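Remember, it's a predicted structure, so these values are computed and weren't measured experimentally.
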2 protein chains.
Amino acid sequence: MKKRPSTVCPIVYALDIWGDPWSLIILRDVLIHNKRHYREFLASREHISTNILSARLQSLVEAGLLVKIEGDSNRAQTMYRPTQKALDLFPVVFAIMHWGLKYNPNTDMTIPIMQELQADEKGLEMRLLQNFDDVNPNISQ
Amino acid sequence: MKKRPSTVCPIVYALDIWGDPWSLIILRDVLIHNKRHYREFLASREHISTNILSARLQSLVEAGLLVKIEGDSNRAQTMYRPTQKALDLFPVVFAIMHWGLKYNPNTDMTIPIMQELQADEKGLEMRLLQNFDDVNPNISQ
DNA sequence: ATCTGTACTTGCATTTTGCAAGTACGTAAT
DNA sequence: ATTACGTACTTGCAAAATGCAAGTACAGAT
């Protein structure tokens, strides 16, 4: 899909940012599994290759979904963390998970988050959001 | 992305079915704009090309999201209509629209559905679902 | 000094997409 | 009856994206 510089449709806008086959998997790892390092993304079951991971991280940073935080004089400290724009994808990610859960007979229900998603989605979101207080301090109450 | 025959993750399952750049645009047209004919999909702003449209329709039928209804002896009557599996994507589509609405400054808010989505999402879903009573009769009350 | 781990980049084969054209069939107009 | 037109596709080919393997650069540990 050729990049459309500006679209009038919110769905196309979204797809242009994270509609490729890999970006949403990275975002899943960030949002749900609290991953932040290159090595962690590489370790996912889906086996993304290094060049694609690199390109996707860069485009997500450009799109304002992730910020790259580099350690001083040590690349191994580099972290990718979500912005509010990425955190606002929680409802999307949860909606997709609900759908996948309903229709994928191979879903691994022993993953703790799966149970929690069905039992208390809002609570799950609240809990996961706390992982990002360092980057996007939430008004706690 | 190579097709993964079975995945344990509901998100990857979903992406394998409609995670390419075009399928969700077709589903948007089916679910939101009530399109059903090849010619209608071709007429979308996004200008999908004929070979891709053909391939995507076929794969969505195979995945059980659409059914192809052929007229007798006239190809121009061919229709593609959503199954329940596709109708269950309404929450996903709405979640994506909400996100796109928030971050896409070019969203055309004069499209009636945009206003309605923000004002009364559930009502919008109910109304749109009535378009598919022929295919998936809903329990009305 | 060497080895290991990490975050990348590069090269190249394979696959997917984008565009233009063509085909097959049915209906409508002359 | 013949021609033209609309519709739902398929085919061919160039361009782009992906997948895989290998290589590079640098920091910390041994």
Nearest-Å distance, [atom1] ([X]) to [atom2] ([N])?
X	N	atom1	atom2	result
A:Asp72	D:dG28	CG	C1'	15 Å
A:Asp20	D:dG19	CG	P	10 Å
A:Asn51	D:dC20	CG	P	10 Å
B:Arg39	D:dC9	CZ	P	11 Å
B:Trp22	C:dC19	CH2	C1'	12 Å
A:His37	C:dC8	NE2	C1'	15 Å
A:Arg36	C:dT6	CZ	C1'	17 Å
A:Gln77	D:dC26	CD	P	16 Å

- Query: Among the nucleotides D:dA17, C:dA20, D:dG19, which one has an atom lying closest to any side-chain atom of A:Ile52?
  - Reply: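 Side chain of A:Ile52 sits closest to D:dG19.
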
- Candidate nucleotides D:dA22, D:dT10, D:dG19, ranked by approach to the side chain of A:Ser49 - the nearest: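 The answer is D:dG19.
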
- Looking for any heavy atom pair under 4.0 Å, which part of the strands does A:Phe41 touch: base, sugar-phosphate only, or nothing?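 A:Phe41: no heavy atom of the nucleic acid under 4.0 Å.
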
- Using a 4.0 Å heavy-atom cut-off across all strands, classify B:Arg75 as base, sugar-phosphate, or nothing.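 Base contact.
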
- Report the relative orientation of the aromatic rings in A:Trp99 and B:Trp18; use parallel for angles under 30°, tilted for 30 to 60°, perpendicular for over 60°.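 Judged by the thresholds at 30° and 60°, the geometry between A:Trp99 and B:Trp18 is perpendicular.
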
- Which comes earlier along DNA chain D counting from the 5' end, the contact point of A:Asn74 or that of B:Ala76, where each point is its nearest nucleotide?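 Closest to the 5' end, via its nearest nucleotide, is B:Ala76.
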
- Task: Look at B:Ser54 and D:dT10 and indicate whether a side-chain polar atom (N or O) is within less than 4.0 Å of OP1 or OP2.
- Result: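 True: B:Ser54 side-chain N/O within range (under 4.0 Å) of D:dT10 OP1/OP2.
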
- According to a strict under-4.0 Å criterion, is A:Tyr80 in side-chain N/O contact with OP1 or OP2 of C:dC8?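 Result: yes.
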
- Item | Side-chain donor-acceptor pair present, B:Arg36, B:Asn131, cut-off under 3.5 Å |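 Per modelled atom types, B:Arg36 and B:Asn131 side chains form no pair under 3.5 Å.
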
- Item | Side-chain H-bond candidate by donor/acceptor type, B:Ser54 with B:Asn51, under 3.5 Å |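 Result is no, nothing qualifies.
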
- Message: I'd like to know if the side chain of A:Thr83 and the backbone of A:Leu65 have a donor-acceptor N/O pair within less than 3.5 Å.
- Response: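 Confirmed, A:Thr83 side chain pairs with A:Leu65 backbone.
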
- Hey, is the main chain of A:Thr50 close enough, under 3.5 Å, to the side chain of A:Tyr38 for a donor-acceptor pair?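 It does hold such a pair.
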
